[in-house]
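Scroll down for the structure; my scribbles are underneath it.
Please read all numbers here as calculations on a predicted model, not as lab measurements. One-based numbering along the sequence shown.
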Amino acid sequence: MSRALVLLLAVSARAEPVDFSRDVLPILSANCFACHGPDEKERKAKLRLDVEGDAKRARDGETPVLAGKPEQSSVFTRLVTKDEDELMPPPESHKTLKSAQIELVRRWIAEGAKWGRHWSFEPVTRPQGTIDSLVKEKLTEKKLTLRPPASSATLARRLSLDLTGLPPTDSSDKDYEALVDSLLASKAFGEHWARLWLDLARYADTKGYEKDLGRTMWPWRDWVVDGLNADMPLDQFTLEQLAGDLLPNPTEQQLIATAFHRNTMSNDEGGTDNEEFRVAAVKDRVDTTIQVWMGLTMGCAKCHSHKYDPISNEDYYRLYSILNQTQDADLPDDSPKLSKPTPEQTKAVESATKKLNELREQLAKASGKDLKDKDLEREDPTTDKPEIAKLKAEVKSARNALKAANEEIVAIPIFRELPTAKQRVTKIHNRGNFLDQTAPVTPAVLPAFGKLPEGAPLNRIGLAKWLVNRDNPLTPRVWANRVWARLFGIGLVETEEDFGALGTPPSNPKLLDLLAAEYRDGGWSLKKLLKFIVMSDTYRQASETTPALREADPRNALASRGARYRLSAEVVRDQALAVSGLLSRKMGGPPVMPPQPAGLWRSTYSGKTWIDAEGEDRHRRGLYTYLKRTTPYPSFITFDGGSGEVCQIRRIRTNTPLQALVTLNDPVYLEAAAALAAKMIASGSEPAAAGLRIALCRPAKPDEAKPLITLFADAKADFAKHPQQATDLIATTRSKLPQGIAAPDFAAWIVTANAILNLDEFLTRN
């Protein structure tokens, strides 16, 4: 026995009891379940260590786990044996337990081998205490305390960026709670928090795959924004998105909501099998549904039973069966669709239809026969009389006009259930192969996580109600954690995408359950949950840190200080436009195309080109930017945005030189810099200090503007030597020379303003 293990044995006598869920299950999951877990096809020696009865049953002269007797438990003895043939995990697995982990297993067995479920599968019960008391409880273990509150200016900016994604516009010393309420009531709230839903829904404006042709999905995006602004509860949000079409007399908006799962990619390439890609879309919906609401990696079970969590291969296809009954079938027209014509569009279609019918009648009368469209194309026009040829040309023109009028009408893909007589029979796909189907299955939800709510139908309505059922322990935890992560930069459970056996344990389990209970029992109101969090002292802490604090809580997982992290792609851009005064506050409607480098769109099958927007569409919020899956907007991708090809549970923040190249050179940021420079000049005698105040939403500190003044002087001198460069920069930024300012001076202020927009404090949420 190693010296380290001997020391651990000595210490263990005075340590707190081992908790199976917290201490032992993660060890077994990571090192044992791949061979001795739920997957019956990969299970070795017919031994299961994920089921208490199997793990404690004597077999072949030994007992894997014999309560109170670790030296007689093969699970422990095989961890410490010197015999490589007996050692577990086996050497070829390249898995090795640390001495501390082995000691935890020994202590757990010695203490009676009390079993339990994975922590996230246990019911959510509201603990005693508040956010602050539960955070302080954890900090005390590290001999830490809450930091003092941040300044009012910092809090105003923090709140505004967190709740609306925009810098504050009200510079008055508004009461803190009143400021919170006003921001939650802002229309910008829904625009900001919709970005989270778009990531989850793999939202894009194109279909994906090889052709990646355009598709109208933006009405669903607008539905999300409106729903969030109205504070639609999560349970209703869930029901309408998964099953709006199955509701009694569904409204147009409830049908649009079902486009959540029509965001799946579809393949229009010639020669592909529509059924193959329909099946791929349904599997994507299954995986996305369970990961978005329950934080489980369901996709593993499409080929085999999950190796770590209680989801069998059969469970997967029984749930798949519920989502396998919609009419969509990977067709080029994306049917079924919901048309949303405006009154003007309806009138235009009626007028074009009437004109086409009149011309057809005239042609039939003149030619003596009823010519179909195919006849118009086949017949040789040189043989026609002039009158007939003229009428044929007019019919073709009218037909094209009608087609163009119809194409102007918004038509969004939605869900429609197949009639009962045409419902599909779902079978298990052997190793995930849709061409190799085996036993048929009946629809069901995942049995390990509770039954359908009483009276709920076994269809998408039932699935939606099961996901937000009070007895489902995962949904409130997953969503409360997701909201916390958006405010603090890291979740209480860091692996937002995995609340299963291989996910990270919560840094503060009681706090997570407090937030989950608050969200669920508060009517699933996002605005109430956000207010509950931002009113806490924990949220209001200053973000300044010390070496000792960084050592004790390096990633701020314990919320030992105010969160500080780089803003997301859309917020970085929106903030630059907002402080410069360029940001358009127009909401909703079709996506727009702000400037991007030329030549990115070179699709083989699509003649569509990126045309830089003019007018206010050039400076709208990032939420409205056109997203092509195969060629995403470059500045967003550089700042960790997604392509919309798969569900993006969280964005992993990176820090690359390309990000600085974007904010220094992208036309949007240069135009914002010029507009900010004009505001700085107009502010009076201290433009540099004014620029800091405008951009950072606080007064400039003494001497803080000095480096900017030096930068301005150097740039001015350089532009004075090269006046054409000043003229070119001003032209590039599409700005006008302010009255009474020389071109070198204005160009130098643009450079200075650009530096302000690249300050760490500007790009960071403090």
| N766 and R564 side chains, donor-acceptor separation under 3.5 Å | yes
| Ring geometry between H118 and F121 (parallel below 30°, tilted from 30 to 60°, perpendicular above 60°) | perpendicular
| Main-chain N/O of A188 paired with S186 side-chain donor or acceptor, under 3.5 Å | yes
| request: In sequence, state the C-alpha distance, the side-chain angles, and the governing distance for Q596 and T631, and then conclude on side-chain hydrogen bond (donor to acceptor under 3.5 Å, both in side chains). | output: CA-CA 11 Å; Q596 73 171 18; T631 319; over 6 Å; no
| task | Sort and list the pairs that fulfil salt bridge (charged side-chain N to carboxylate O under 4.0 Å, His left out) and have at least one residue in residues 576-588, not counting sequence neighbours. | result | K586-D617
| query | Under 4.5 Å between any side-chain heavy atoms of I756 and M680, yes or no? | reply | yes
| 4.5 Å side-chain heavy-atom contact, V646 and R202 | no
| message | Whether R486 and D162 form a salt bridge (side-chain N of Lys/Arg under 4.0 Å from carboxylate O of Asp/Glu) is what I want to check. | response | no
| said: Test of understanding: with side chain to side chain donor-acceptor pair (under 3.5 Å), list the residues that count as partners of E686, not counting sequence neighbours. | reply: none
| field | Check ion pair E191-R621 (N to O, under 4.0 angstrom) | value | yes
| task | Mind checking side-chain contact (heavy atoms from CB on, under 4.5 Å) for E497 and listing every partner two or more places apart, or none if nothing turns up? | result | Q291, T495, I649, R650
| request: Inspect the contact between E122 and R22 and indicate whether a charged nitrogen and a carboxylate oxygen are less than 4.0 angstrom apart. | output: no
| query | With under 30° as parallel and over 60° as perpendicular, where do the rings of W119 and F499 fit, or are they tilted in between? | reply | tilted
| said: Any non-hydrogen side-chain atom of V180 less than 4.5 Å from a side-chain atom of M535? | reply: yes
| Set of residues satisfying side-chain contact (heavy atoms from CB on, under 4.5 Å) with respect to P597, sequence neighbours excluded | L600, P634
| Which pairs with one or both residues in residues 633-660 pass ring-ring contact (aromatic ring centres under 6.0 Å, His included), sequence neighbours excluded? | W610-Y633, Y633-F636
| message | So, using side chain to side chain donor-acceptor pair (under 3.5 Å) as the criterion, who are the partners of D553 when residues are at least two apart? | response | S560
| field | L134 to N508 - nearest heavy-atom pair and separation | value | O-ND2, 3.1 Å
| Are K531 and D181 ion-paired here, with the side-chain N under 4.0 Å from a carboxylate O? | yes
| request: Could you tell me whether a side-chain N or O of N754 sits under 3.5 Å from a main-chain N or O of L664, the two making a donor and an acceptor? | output: yes
| With S160, which residues qualify under side-chain contact (heavy atoms from CB on, under 4.5 Å), at least two apart? | T164, P168, L183
| request: Kindly assign one of parallel, tilted or perpendicular to the pair W197 and F260, based on the angle between their ring planes and the thresholds 30° and 60°. | output: perpendicular
| request: State, yes or no, whether a side-chain contact exists between M587 and N229 at a heavy-atom distance under 4.5 Å. | output: yes
| query | With a 3.5 Å cut-off and no angle check, do the side chains of H261 and T289 form a donor-acceptor pair? | reply | yes
| note | Across all chains, not counting sequence neighbours, the side-chain contact (heavy atoms from CB on, under 4.5 Å) partners of I490 are E494, R555
| By side chain to side chain donor-acceptor pair (under 3.5 Å), which residues pair with T752, not counting sequence neighbours? | none
| said: Test: salt bridge (charged side-chain N to carboxylate O under 4.0 Å, His left out). Region: residues 505-526. Which pairs qualify, not counting sequence neighbours? | reply: R126-E518, E137-K510, R470-D521, R477-D513
| Between D640 and R653, what is the shortest heavy-atom contact and its length? | OD2-CA, 3.3 Å
| field | Qualifying residue for side chain to side chain contact (heavy atoms under 4.5 Å, CB included) with Q648, from L198, D199, L196, L200 | value | D199
| For Y624, which residues count as a ring-ring contact (aromatic ring centres under 6.0 Å, His included) partner, sequence neighbours excluded? | none
| request: Scan for ring-ring contact (aromatic ring centres under 6.0 Å, His included) pairs involving residues 514-558, sequence neighbours excluded, and state none if there are none. | output: Y519-W524
| Above 12 or not: heavy atoms from other molecules or residues under 6.0 Å from NZ of K528? | no
